[in-house]
Amino acid sequence: MPDNFEAPTQPEATLPQVEPLPSCPICRERPVIAIDGPAGAGKSTLAAHLARRFGFLNLETGAMYRALALKAIENDYAFDEEAPLLDLAARTRITLEPQLEGNRVLLDGIDVSRRIREQDVTSAASQISIHHNLRAWMVLQQRALGAAGGVVMEGRDIGTAVFPDAEVKIFLDAAPEVRGNRRFRQIAPTEVPTTRQNSARQSPDSQTPEEQRVAKEAILRDLKERDYRDRHRAESPLQPAADAIILDSTSMTLEEVLARAEQIVHSHISAE
Ligand code: DC
C-alpha cells in the first residue's frame, strides 16, 4: 500500500456525486476505524496511537479541509461562496503523508503542515466545511484514500458519511471546558486566538495568571463557535453514528482513553 495519500484532482465543473457505498463490507481486505468528535477532543492523538498499535495508517481528514481553506485564504476567495471554492478544489492537490505523530500535509506539493494549524486557517476550514458539494468532493477523496482499509480515519463525518460501513466507529467527546483547557496546554503560541495579540502569543508557562485566563477564554470561545458551526450545519452535522461507541473523556486520563479505545478496536477486530 502506498504511504502517500494524494487526493485526485477532478475535472472542473464536474459536480461530485456521492453514491451510497455498496453493501459489501468485505470489499476491502482490512478494516476502517472511524474516529469522529468535536474539536479538541483528542482525536488526532487517539488516531495516531491506534494506528501505531494496530499497524494501520492514520488519515486526518480535517487537514484536507484546512489545506483547501489555506488555498482559499491565499487566493482571496470568500468562504461563503461554494461554486468558486469547488472550482478551486478541482484545481488543488492535497496529499496526506501519515507519520508516527500525525499527518504531513502537502498542498500542491508544498508542505503546509504547520501553517494549516494557525488560527485563521482553523476558522476558515470550519466555514468552508458547511458547503454541500464541497463536502461531497471531500467525501469522494476520503473514500478513495481509505478504500483498501487498514486505516484509522479521523474527522467529523467518517462514521456517518465517509465510511458508514466502517468496522469500528468511535465518537470521542469531552465537555467544552475540558477540551478548551487541553487545547490551552498543548497549543502552539501562534494558534492562540488573537484577542490580545502580545500575551496570547506567549507560551502558557510564561504568561501571568491574568494573561492565561484571557487566553483560555479566547480558546474556549473559539472552540464553542466551531462546535456550534460543526454541529448545526445542514450538511453532515457533527453527530455520532447510530452504531458508534461514544467515549466521553471528560473525566478520563489520556492513558484511560487510549486503553479503552484499544479494547474497543480489539473486540471488534477479533470478532470478525
Ligand atoms: O479536525 P480539524 O479541527 O482539523 O477540522 C477542521 C475543520 O474541518 C472543522 O472545523 C470541521 C471540518 N471538518 C469536517 O467538516 N469534516 C471532517 N471530516 C473533518 C473536518
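Nothing here was measured: the structure is a model prediction, and the numbers come from that model. We count ligands from 1, going down the list as the structure has it; atoms in each ligand are counted the same way.
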side-chain hydrogen bond (donor to acceptor under 3.5 Å, both in side chains) involving Thr61 - partner list, sequence neighbours excluded: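 Thr61 satisfies side-chain hydrogen bond (donor to acceptor under 3.5 Å, both in side chains) with no residue once adjacent residues are dropped.
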Counterpart residues, side-chain hydrogen bond (donor to acceptor under 3.5 Å, both in side chains), relative to Arg104 (two or more places apart):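 Partners of Arg104 under the side-chain hydrogen bond (donor to acceptor under 3.5 Å, both in side chains) test: Glu97, Asp111.
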Share the residues that join Phe171 in a hydrophobic cluster, the rule being Ile, Leu, Val, Met, Phe, Trp or Tyr side chains under 4.5 Å apart at the heavy-atom level.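 Noted: Phe171 shares its cluster with Leu238, Ile246.
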Pair Ser126, Arg226: side-chain N/O donor-acceptor within cut-off below 3.5 Å: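 Their side chains do not contain a donor-acceptor pair, so the 3.5 Å distance test is not met.
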Any donor-acceptor N or O pair under 3.5 Å, side chains Gln127, Asp80: no
List the steps and the verdict of side-chain contact (heavy atoms from CB on, under 4.5 Å) for Asn58 and Val151. CA-CA 6 Å; Asn58 62 319; Val151 295; over 6 Å; no
Sorted by chain and number, the residues that approach ligand 1 to under 4.0 Å with a heavy atom: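 Under the 4.0 Å cut-off, ligand 1 touches Thr61, Gly62, Tyr65, Arg66, Arg117, Ala125, Ser126, Ser129, Arg135, Gly155, Arg156, Asp157, Arg226, Asp230, Arg233.
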